[in-house]
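Some notes on the structure that comes next.
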There are 2 protein chains.
Amino acid sequence: MRAAMDAPAPPPDVRTRILDAAERIVQARGVNGLTLESAAREAGVSKGGLLYHFASKEALIGGMLDRLAAFMAESFDGCVARQPEGRGRVARAMIAWAFGEEETSPGSEPLDRTAAVCLAAFHHDPALLDPMRAVTSRIKAQLLADGTPAGAALAILTSTDGLFMAHVFGLYHHTEAERAALRATLEALLEAAP
Amino acid sequence: MRAAMDAPAPPPDVRTRILDAAERIVQARGVNGLTLESAAREAGVSKGGLLYHFASKEALIGGMLDRLAAFMAESFDGCVARQPEGRGRVARAMIAWAFGEEETSPGSEPLDRTAAVCLAAFHHDPALLDPMRAVTSRIKAQLLADGTPAGAALAILTSTDGLFMAHVFGLYHHTEAERAALRATLEALLEAAP
DNA sequence: GCATATGTACCGTCCGGACGGTACAGTCAA
DNA sequence: TTGACTGTACCGTCCGGACGGTACATATGC
């Protein structure tokens with residue numbers, strides 16, 4: 001087929017294109033909107049073509065999650081690496097992660113993508129979240145091992161997760177002042193003596 | 001009808017029975033498991049009978065959410081009322097609520113119920129979460145108005161929400177010691193001078 | 001005091017449509 | 001030619017919802 005030939009400069013791997021399409025659909029039309037047909041159409045592939053790459057819907061969602069978990073892990077590691085070394089490094093990274101990338105209010109791309117994909121996975125089969133669990137467990141372990149007192153570390157961990165959840169479900173919104181106050185409080189927890 | 005009269009202990013309002021059944025299904029078999037037929041069967045009612053009370057699946061889920069939001073609001077208010085008056089009262093209630101100090105009748109069942117129902121609603125139509133948003137927004141407003149510094153109040157709010165999310169999605173587990181440390185940290189935030 | 005009518009609560013069946021998945025024929029690069 | 005890959009036609013199933021019918025209680029007319 002011609003269309004396959006005159007694709008843009010970086011030849012987008014078909015698998016990747018399907019995964020991207022599936023994510024876009026879940027974000028735009030919700031979990032219901034994700035069907036094999038719609039994903040194939042969005043990716044510019046036939047349904048049969050999609051099924052060639054992902055043998056079932058479950059495999060498709062699993063693929064989305066594996067990729068997302070890898071992205072999250074990498075992103076977090078990068079954030080840690082960018083923090084000065086020393087006690088509380090991971091905790092500071094966590095705060096920077098939660099407050100930094102979330103700048104664009106309702107359109108923060110990685111955040112919404114994460115939420116959408118996780119929700120889709122959880123809906124289909126909670127066990128599909130396992131790769132994500134592995135990542136979060138590792139993050140927690142790192143956080144508890146970097147010298148910050150456990151209480152403070154856990155407060156930071158759960159607080160940023162709560163911030164995330166509130167955003168995903170739109171449970172309540174924070175003003176800039178509130179976000180700043182929260183951030184200051186979390187950072188103050190880092191200063192506490194061990 | 002006589003039967004309706006001499007059933008003193010369980011007044012089995014059909015509507016309530018259907019709502020209970022639907023919640024049980026969502027908890028046990030996930031969002032997928034909730035169909036009009038399964039809910040009707042579980043409630044001991046025919047599908048037609050169910051549709052008599054809830055004109056559509058959306059109405060059924062909406063009914064679950066309305067009831068749950070009312071329950072949550074009442075439960076939280078009761079928790080606040082049980083705290084000594086004074087500055088930080090609402091924040092203390094929040095902590096007590098989150099850490100299960102409240103005698104929530106059968107174990108931590110309401111927690112799972114909340115999660116299951118909210119997920120079902122979010123899956124069907126995010127707008128259905130509105131009653132829940134109203135409750136959480138009110139709680140946040142109360143929390144910010146009871147004298148606790150904003151940063152501490154928000155840290156407590158987001159942290160307990162994060163605790164909740166981690167539980168719902170099974171992202172990571174906390175040991176008893178970790179829970180105690182986290183709680184101590186949150187309580188220490190309350191002592192900070194305004 | 002009886003028959004007819006009306007309203008409420010509920011039941012059982014059916015249908016259109018959508019979805020996941022399969023079968024298979026076609027295409028194109030190597 | 002071959003085999004990786006695509007596209008299409010189709011199947012079985014399931015679900016939401018509509019619909020017509022049943023049982024019974026109360027009301028109404030006579």
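Quick note on labels: first sequence line is chain A, next is B, and so on, each numbered from 1.
A salt bridge does not link R183(A) to E178(A): none of the charged side-chain nitrogens sits closer than 4.0 Å to a carboxylate oxygen. Classification of R15(A) and D20(A) as a salt-bridged pair fails, no side-chain N sitting under 4.0 Å from a carboxylate O. Between R92(B) and D146(B), no side-chain nitrogen of the basic residue sits less than 4.0 Å from a carboxylate oxygen of the acidic one, so the salt-bridge criterion is not met. Using a 4.0 Å cut-off between charged side-chain N and carboxylate O, D130(B) and R133(B) make a salt bridge.
Per the geometry, NE2 belonging to H124(A) stands 12 Å off C1' belonging to dC19(C), to the nearest Å. As a whole-Å value, the separation of R15(A) CZ from dA4(D) P is 16 Å. The distance from atom CG of D13(A) to atom C1' of dC5(D) is 13 Å, rounded to the nearest whole Å. At whole-Å resolution of the value, CD in E37(B) and C1' in dC14(D) are 9 Å apart. Note: CD1 (I25(B)) to C1' (dC15(D)) measures 14 Å, nearest angstrom. Note: CG (L36(A)) to P (dG7(D)) measures 15 Å, nearest angstrom.
Among the candidates R89(A), R82(A), R138(A), the single residue satisfying the salt bridge (charged side-chain N to carboxylate O under 4.0 Å, His left out) test with D77(A) is R138(A).
Within residues 54-65 of chain A, the residues that have a heavy atom under 4.0 Å from DNA chain C are, in order of number, S56(A), K57(A).
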Between D125(B) and K57(B), is the salt bridge (Lys or Arg N to Asp or Glu O under 4.0 Å) condition met? List the steps. CA-CA 11 Å; D125(B) 177 6; K57(B) 189 174 188 177; over 6 Å; no
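Among residues at least two apart or in separate chains, side-chain hydrogen bond (donor to acceptor under 3.5 Å, both in side chains) pairs with a member in residues 150-165 of chain B are T158(A)-S159(B), S159(A)-T158(B), Y172(A)-D161(B).
Here the side chain of T185(B) pairs a donor or acceptor atom with the backbone of A181(B) at under 3.5 angstrom.
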If the sugar-phosphate is the primed atoms plus P, OP1 and OP2 and the base is the rest, what is the B/S/- string for nucleotides 7-12 of chain C, using protein heavy atoms under 4.0 Å? -SBBBB
